[in-house]
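Here's the structure we're looking at; comments come further down.
All residue numbers in this chain count up from 1 along the given sequence.
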Amino acid sequence: MVTFIKVLNESISQALQQLFGNKLRSFLSLLGITIGIFCIIGVQAAVDSLEDNIRGSFEQLGSDVLYISKFPWADGTEAEFIRWMRRPNPSLDDYRVLKKRVSYAENMSFYVFTGGSTVKYRSSSVDRVMAMGASFEYADMFDLKFDKGRYFSQQEYRYGANKCIIGHTVAIELFGSIEPVGKYINLKGRKMEVIGVLEKSGEDLVGIMDFDDRLIMPLELARKFINFRTNAAFQNAFLAVKAAEGVPLEQLNDEVTGILRSQRRLKPRQEDNFAINELSMLTKAFDIFFGTLSTIGIFIGGFAILVGVFSVANIMFVSVKERTSIIGIKKALGAKRYILLLEFLVESIILCIIGGVLGLGLVTLTVSAISAAIDFDIYLSQGNIIRGVLLSVVIGIFSGIIPAIQAARMDPVEAIRSK
């Protein structure tokens, strides 16, 4: 252990001497390592940040929830897409039958959108508000959080009271500093009382569960705006079923499939005229996508690292040549081969770690600047920092192994004479 510490100290000293004694040569040689680590870890940091943002958005859908739709969450041919468009939309009848007969569900909700609408309050108005009608369970199903006010009562929901809940952005743009709860707004000629304002959803790239620009009304009230029985090509109605605790999604899927086929009177040989989707369908697709992005980053950085490996190896060969007589003296005094091997190998690793740290520092500055410029949080995770350092160590081993072996195999007499 004492010997290793001595070798380590001497190797660090020699590495710093090489670095500061030949600044330009060292800078040019380490530039490849720095750029390589910057490319690989920078791309990985961007991919990880993007992946966390997108996966975080999709996870709001719930890993234990089935979404019944006319379209599957999967790619299809043009012919398949046309066939899917002809399917019936999820309906209130589907919702009522499932609610009555499904035994493996903890909760379910039916909701329908009217599309972008204009909402008015006195002289103020907000365009492109996503108005929707939702069943009573919607708040529990998607864990709605309120900044002010409340959700509908059972009685308000049952009788389709002229009540609504608005998102954070709608409240700010419509009311400004005025208290919105208790005020009446106008949607398509109908006055509605605002009984709640949702918390700000926050910003993400996908915005799957973004309620900031949304207006929610009781389903019974929405029926006065929307034809629930339409079979429009692009659906506006959705049905979500949440599995009971401990129930596998596959088991719930089988039960829901059987009930819906019975409800829609499909014959045994007829294919389903509905799609049952779950979060895992999306995550599998993104696994491939983000894996491809990571591979591209490694491929790009690999070229720079390859240049860096040869550059650092060049430094080490020069270092071995400059210290040939010293190596001979050490061997003449009894230095073991593995000591010399270790000395030059550690020196190479130290040089590469310095280059790697510079690369990580460059990544930190870059991601900070990008995050500030585009208002998107890109971060350098602890895992990527460790990965960058370990990669530097590996590069150092590959760069220094041949020069280290050359030094360890030198004949002491010839080495001393070379001076």
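Residues passing the side-chain contact (heavy atoms from CB on, under 4.5 Å) test with Thr169, sequence neighbours excluded: Glu173, Asp212, Asp213. By the ring pair (Phe, Tyr, Trp, His ring centres under 6.0 Å) test, Tyr104 is found to be paired with no residue, residues two or more places apart in sequence or in another chain being considered. With sequence neighbours left out, the side-chain contact (heavy atoms from CB on, under 4.5 Å) criterion links Tyr159 to Gln155. Residues forming a side-chain contact (heavy atoms from CB on, under 4.5 Å) with Asn253 (at least two apart in sequence, or on another chain): Leu66, Thr257, Ile276, Glu278.
Atom NZ of Lys120 has 12 or fewer heavy atoms from other residues, nucleotides or ligands within 6.0 Å. Summarising the local packing, CZ of Arg158 is surrounded by more than 12 heavy atoms from other residues, nucleotides or ligands at distances under 6.0 Å. Around CZ of Phe398, the count of heavy atoms belonging to other residues, nucleotides or ligands within 6.0 Å does not exceed 12. Heavy-atom neighbours of Ile402 CD1 from other residues, nucleotides or ligands within 6.0 Å: at or below the threshold of 12.
Taking the six-membered ring for Trp, Tyr138 and Tyr151 have ring centres at least 6.0 Å apart. Taking the ring centroids of Phe142 and Tyr111, they lie under the 6.0 Å cut-off.
Residues Ser135 and Ser109 have side chains that bring a donor and an acceptor to within less than 3.5 angstrom of each other. For the residue pair Asp140 / Asn107, no side-chain donor-acceptor distance below 3.5 Å is found, with atom types taken as modelled.
From Ile172, atom CD1 reaches atom CD1 of Ile166 across 9.0 Å, with rounding to the nearest 0.5 Å. Here the OG-CG distance, from Ser117 to Asn186, works out to 11.5 Å after rounding to the nearest 0.5 Å. To the nearest 0.5 Å, atoms CG (Asp48) and CG (Asn384) are separated by 5.0 Å. Atom CG of Leu391 and atom CD1 of Ile41 lie 6.5 Å apart (nearest 0.5 Å).
Taking a cutoff of 4.0 Å between a charged side-chain nitrogen and a carboxylate oxygen, Lys148 and Glu199 do not qualify as a salt bridge. A salt bridge between Lys99 and Glu137 is present, with a side-chain N of the basic residue lying under 4.0 Å from a carboxylate O of the acidic one.
Among Val170, Val126, Leu187, Val194, the single residue meeting the side-chain contact (heavy atoms from CB on, under 4.5 Å) criterion with Leu215 is Leu187.
Residues Trp73 and Asn277 come closest through the heavy atom pair N-OD1, 2.8 Å. Smallest separation of non-hydrogen atoms from Val197 and Pro180: CG2-CG, 3.5 Å. Of all heavy-atom pairs spanning Phe146 and Arg150, the tightest one is CE2-O, 3.1 Å. The two residues Leu345 and Ile397 have their closest heavy-atom pair at CD1-O, 3.8 Å. Contact detail for Gly356 and Ser392: the closest heavy-atom pair is CA-OG, 3.3 Å. Listed here is the closest heavy atom pair of Ile195 and Glu156: CD1-OE1, 4.0 Å.
At distances below 3.5 Å, at least one donor-acceptor pair connects side-chain atoms of Arg87 with backbone N or O atoms of Lys70. With hydrogens and angles disregarded, a donor-acceptor distance shorter than 3.5 Å links the side chain of Ser348 to the backbone of Gly396. Judged purely by atom type and a 3.5 angstrom limit, Thr114 uses its side chain to pair as donor or acceptor with the backbone of Ala131. In this structure, Asp254 contributes its side chain and Gln251 its backbone to no donor-acceptor pair below 3.5 Å. The backbone N or O of Glu179 sits less than 3.5 Å from a side-chain atom of Lys183, completing a donor-acceptor pair.
Residues Gln44 and Arg387 have side chains in contact (heavy-atom distance under 4.5 Å, counting atoms from C-beta outward). For the pair Leu221/Met192, a side-chain contact is recorded, criterion being any heavy-atom separation below 4.5 Å from C-beta on.
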Result block: side-chain N/O donor-acceptor pairs under 3.5 angstrom for residues 268-275, not counting sequence neighbours:
{"unit_1": "Gln270", "atom_1": "OE1", "unit_2": "Lys267", "atom_2": "N", "d": "2.7"}
{"unit_1": "Glu271", "atom_1": "OE2", "unit_2": "Arg83", "atom_2": "NE", "d": "3.1"}
{"unit_1": "Asp272", "atom_1": "OD1", "unit_2": "Arg261", "atom_2": "NH1", "d": "2.6"}
{"unit_1": "Asn273", "atom_1": "OD1", "unit_2": "Arg264", "atom_2": "NH1", "d": "3.2"}

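Applying the ring pair (Phe, Tyr, Trp, His ring centres under 6.0 Å) test to residues at least two apart or on different chains, the pairs with a partner in residues 171-194 are Tyr121-Phe175.
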